[in-house]
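These numbers come from a predicted model, not from an experiment. Throughout, a chain's letter reflects where its sequence line sits, starting with A, and its residues are numbered from 1.
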Number of protein chains: 4
Amino acid sequence: MRIKEGDKRNDILLASTRIFAKVGYHKSKVASIAEEANVATGSVYVYFKNKEDILLQIFEELWKKLYNEFKSISLDTSIDSPQKIEQMTELFFEHFTADIDLAKVFVNEQTQLLNDQMIQFSRYYYKFLDLGRDIVEEGKLSGSIYSNIDVDIFRHFILGAIRNLLNQWAVEPDKFPLDKIKTNFKSLIKHGILNSK
Amino acid sequence: MRIKEGDKRNDILLASTRIFAKVGYHKSKVASIAEEANVATGSVYVYFKNKEDILLQIFEELWKKLYNEFKSISLDTSIDSPQKIEQMTELFFEHFTADIDLAKVFVNEQTQLLNDQMIQFSRYYYKFLDLGRDIVEEGKLSGSIYSNIDVDIFRHFILGAIRNLLNQWAVEPDKFPLDKIKTNFKSLIKHGILNSK
Amino acid sequence: MRIKEGDKRNDILLASTRIFAKVGYHKSKVASIAEEANVATGSVYVYFKNKEDILLQIFEELWKKLYNEFKSISLDTSIDSPQKIEQMTELFFEHFTADIDLAKVFVNEQTQLLNDQMIQFSRYYYKFLDLGRDIVEEGKLSGSIYSNIDVDIFRHFILGAIRNLLNQWAVEPDKFPLDKIKTNFKSLIKHGILNSK
Amino acid sequence: MRIKEGDKRNDILLASTRIFAKVGYHKSKVASIAEEANVATGSVYVYFKNKEDILLQIFEELWKKLYNEFKSISLDTSIDSPQKIEQMTELFFEHFTADIDLAKVFVNEQTQLLNDQMIQFSRYYYKFLDLGRDIVEEGKLSGSIYSNIDVDIFRHFILGAIRNLLNQWAVEPDKFPLDKIKTNFKSLIKHGILNSK
DNA sequence: TATGAATGAGGCTTCATTCAT
DNA sequence: TATGAATGAAGCCTCATTCAT
């Protein structure tokens with residue numbers, strides 16, 4: 001007996017994340033998702049338009065949450081731009097390492113889906129990207145960040161790097177412990193590799 | 001008129017790269033590949049075990065070439081480690097921007113394939129990664145690269161960043177001109193974002 | 001209007017028997033079976049693992065029925081062993097001549113399937129063979145059957161003979177009327193051909 | 001280097017018999033046959049119209065040989081009908097037990113092929129059957145064989161029994177040693193099972 | 001005759017989606 | 001809403017046969 005309405009939709013989202021993480025979106029079967037969610041196959045179509053819609057909704061929820069968390073950092077006037085980037089990075093890693101299946105889905109499915117379904121993809125993702133831009137712009141203006149850095153390129157630089165490190169962590173958590181990843185990541189973003197001393 | 005040996009296999013590889021780039025591996029149909037290659041459907045199976053094998057062979061050829069090109073840079077004793085990294089980056093961008101379809105396939109399909117078929121995936125990729133490690137180690141020893149950088153993490157940091165930038169370039173070449181990407185990328189890798197004045 | 005449960009599975013079994021009888025198992029197409037059963041192609045796979053499974057299930061049902069019918073004869077203590085053999089023969093012919101398609105499938109497909117899928121083949125067939133052995137052993141002990149007859153050989157002797165006669169009847173029913181077959185068969189089994197006067 | 005012409009055709013026939021015996025006619029691939037025969041795939045079609053033709057030719061050679069061997073027995077006036085049947089039985093077993101692959105092909109493929117290709121099937125098989133009829137008729141006339149036996153039915157009775165016993169021998173030679181099969185078979189044909197003492 | 005790469009029709013099976021209940 | 005049996009379009013792959021050499 002379900003506690004309240006809406007549970008079923010969420011069960012399906014959670015089950016899908018698990019299944020997508022395990023075998024990949026294209027090899028996942030709607031029937032398996034339904035089974036994993038303890039729901040009838042047909043019920044999936046009560047809550048979602050089709051299989052792709054499930055994936056889109058996973059990303060919708062993901063970016064909605066991330067955007068909202070990031071927004072408060074973005075609006076904080078007590079810290080400077082590089083600190084904001086560091087906090088956002090921290091938050092980003094935290095969010096995904098708390099849910100390894102979600103991390104795998106993000107790493108493996110977002111690029112393709114984005115290329116295919118640019119129009120329908122979560123607006124929150126684009127708003128999230130905008131937040132990033134604003135923060136970097138702010139840093140460039142205040143002089144804390146190199147002024148010659150292209151904001152758009154930097155955003156995709158950093159996202160790509162994070163994504164790949166998350167993937168390595170998800171695949172081999174022992175070889176890539178989170179602390180080490182985060183420390184190195186922050187250092188690389190801030191100072192690069194050159195020992196300019 | 002029979003075409004001389006070897007051509008058909010290559011025709012199929014080229015056609016597959018085009019098709020995979022356009023619609024993605026999973027949505028590609030073997031029949032479409034055959035048509036694009038001007039070959040009968042069955043001929044695909046003369047040269048490849050199955051559809052996945054085509055993708056594996058694309059990566060085999062890709063990494064074999066890249067590894068060999070990178071090896072000569074790696075062995076060059078006249079340049080230091082940061083310069084090697086810069087040259088390798090340059091070569092990497094060149095290789096993929098010369099073949100936008102190959103770039104798309106690399107960006108969109110490699111991670112999933114690697115997760116699924118770790119064992120069968122091109123050994124040259126792993127040898128390529130090893131080259132990268134050696135160069136960074138060398139730089140750390142010689143003092144030109146920060147000694148606290150973890151080599152494994154750095155390799156995946158840089159690869160992820162490049163991959164995502166290649167993707168942006170492939171999707172919106174006008175918004176992400178190659179020169180701008182390369183300049184920014186090199187600067188970010190070398191010095192990071194902090195304006196240390 | 002959905003048909004009540006159980007019907008579709010049986011429809012498919014009956015349709016398969018007809019199709020297998022007409023063109024042989026290997027030349028039968030799943031699509032034809034589905035059409036003959038007034039069912040969608042995919043529905044076949046709701047009830048059966050694959051095409052071979054249909055054939056296995058046909059034999060499963062066949063030998064289950066035959067075994068159960070034979071068991072009651074076997075247990076009857078009011079008749080002696082030769083009479084039991086006669087009754088079983090009678091029943092055997094009856095069962096197959098009542099369903100000529102089933103007869104054809106039995107005649108044409110069982111040996112190959114048995115050689116290929118010994119493990120999955122109906123256990124009822126082996127239990128049926130055991131019943132035959134028990135009856136002959138019983139006859140040998142009571143003295144009504146030659147004691148020098150090897151039971152295993154006799155079982156396969158008689159089965160082979162019946163099978164081939166069923167085949168002739170199925171192919172040319174006019175040339176091989178059932179009564180004649182049965183009379184001759186029983187006589188041959190009992191007394192052989194020698195006119196020992 | 002081949003010794004003489006005609007070898008290749010025979011190589012293919014022998015290879016086919018082996019392959020058909022091992023996996024069954026329908027599951028045999030022409031390419032496998034060619035490989036087994038050390039011949040190119042295309043060469044098979046130099047000597048045979050198609051795959052089915054190979055099977056037909058195997059049976060053509062088989063029944064031609066058997067017919068010729070049986071004819072001399074049939075014409076021998078020094079032995080009576082039951083003795084002829086015994087000799088033919090002996091010959092039959094000898095022929096197949098000398099070539100277990102041929103036995104398997106005979107057992108598993110003849111019935112289906114006969115049902116499908118009645119017209120093209122070896123005339124020698126029908127002539128062989130005729131020999132059998134003549135001998136039995138002769139026995140009935142001379143009084144050595146029960147006069148109420150139907151010749152056609154008897155022929156198929158005996159062929160079916162032999163075929164099934166050959167199959168058992170081919171599958172489990174240890175459980176069904178040839179001597180035992182032959183002794184029992186002859187006894188059953190001659191006297192049946194009833195202990196009429 | 002001999003070859004074996006090339007062909008492409010065809011079949012089995014899968015699985016997202018529907019719909020009668 | 002919820003179900004899950006039923007659907008049938010679609011795709012991968014096989015393999016008998018051909019044919020240019």
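We find that C/D116 and D/K27 are joined by a salt bridge, their nearest charged nitrogen and carboxylate oxygen being less than 4.0 Å apart. Salt bridge A/R9/A/E61: present, at least one basic N to carboxylate O contact under 4.0 Å.
Note on D/Y47: a side-chain N or O is less than 4.0 Å away from OP1 or OP2 of E/dA2. In this structure, D/K8 reaches the E/dA2 phosphate: one of its side-chain N or O atoms is under 4.0 Å from OP1 or OP2. Residue C/T41 places none of its side-chain N or O atoms closer than 4.0 Å to OP1 or OP2 of F/dG8.
At a non-hydrogen distance threshold of 4.0 Å, A/N50, A/K51 from residues 50-59 of chain A come into contact with DNA chain E.
Within 4.0 Å of D/S32, counting heavy atoms only, lies no atom of the nucleic acid at all. B/V30 comes within 4.0 angstrom of sugar-phosphate atoms only, judged by non-hydrogen atoms across all strands, and of no base.
The 12-atom threshold is exceeded at CD of B/Q117, counting heavy atoms of other residues, nucleotides or ligands nearer than 6.0 Å.
Going from atom NZ of D/K27 over to atom P of E/dG11 covers 18 Å, rounded to whole Å. Rounded to an integer number of Å, the gap from CZ of D/F48 to P of F/dA16 is 15 Å.
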Worksheet entry | B/Y124/B/K65 under side-chain contact (heavy atoms from CB on, under 4.5 Å): CA gap, chis, key distance, verdict | CA-CA 9 Å; B/Y124 289 103; B/K65 274 187 210 148; over 6 Å; no
Discussion item. Applying salt bridge (charged side-chain N to carboxylate O under 4.0 Å, His left out) to A/E36 and A/K22, what does each step give before you reach the verdict?
Written reply: CA-CA 12 Å; A/E36 175 84 15; A/K22 210 201 297 186; 5.5 Å; no
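Of the N and O atoms on the side chains of C/E52 and C/Q120, not one donor lies less than 3.5 Å from an acceptor on the other residue. Side-chain contact check for B/D53 and B/Q57: at least one donor-acceptor pair (N or O, by modelled atom type) lies under 3.5 Å.
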Response to the item:
A correct dot-bracket answer for DNA chain F, with pairs being Watson-Crick or G-U at under 3.5 Å, [ ] for crossing pairs and | for inter-strand pairs, is .||||||||||||||||||||
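Listed for the A/E109 side chain is a donor-acceptor partner under 3.5 Å among the backbone atoms of A/Y25.
Heavy-atom distances to DNA chain E give each of B/V46 and C/S28 a nearest nucleotide, and the one nearer the 5′ end belongs to B/V46. Toward the 5' end of DNA chain F, the nearer of the two residues A/S43 and D/A31, judged by each one's closest nucleotide, is A/S43. Judged by closest nucleotide on DNA chain F, C/V39 is the one of D/K29 and C/V39 placed further toward the 5' end.
In this structure B/N115 satisfies the side chain to side chain donor-acceptor pair (under 3.5 Å) test together with A/N108, sequence neighbours excluded.
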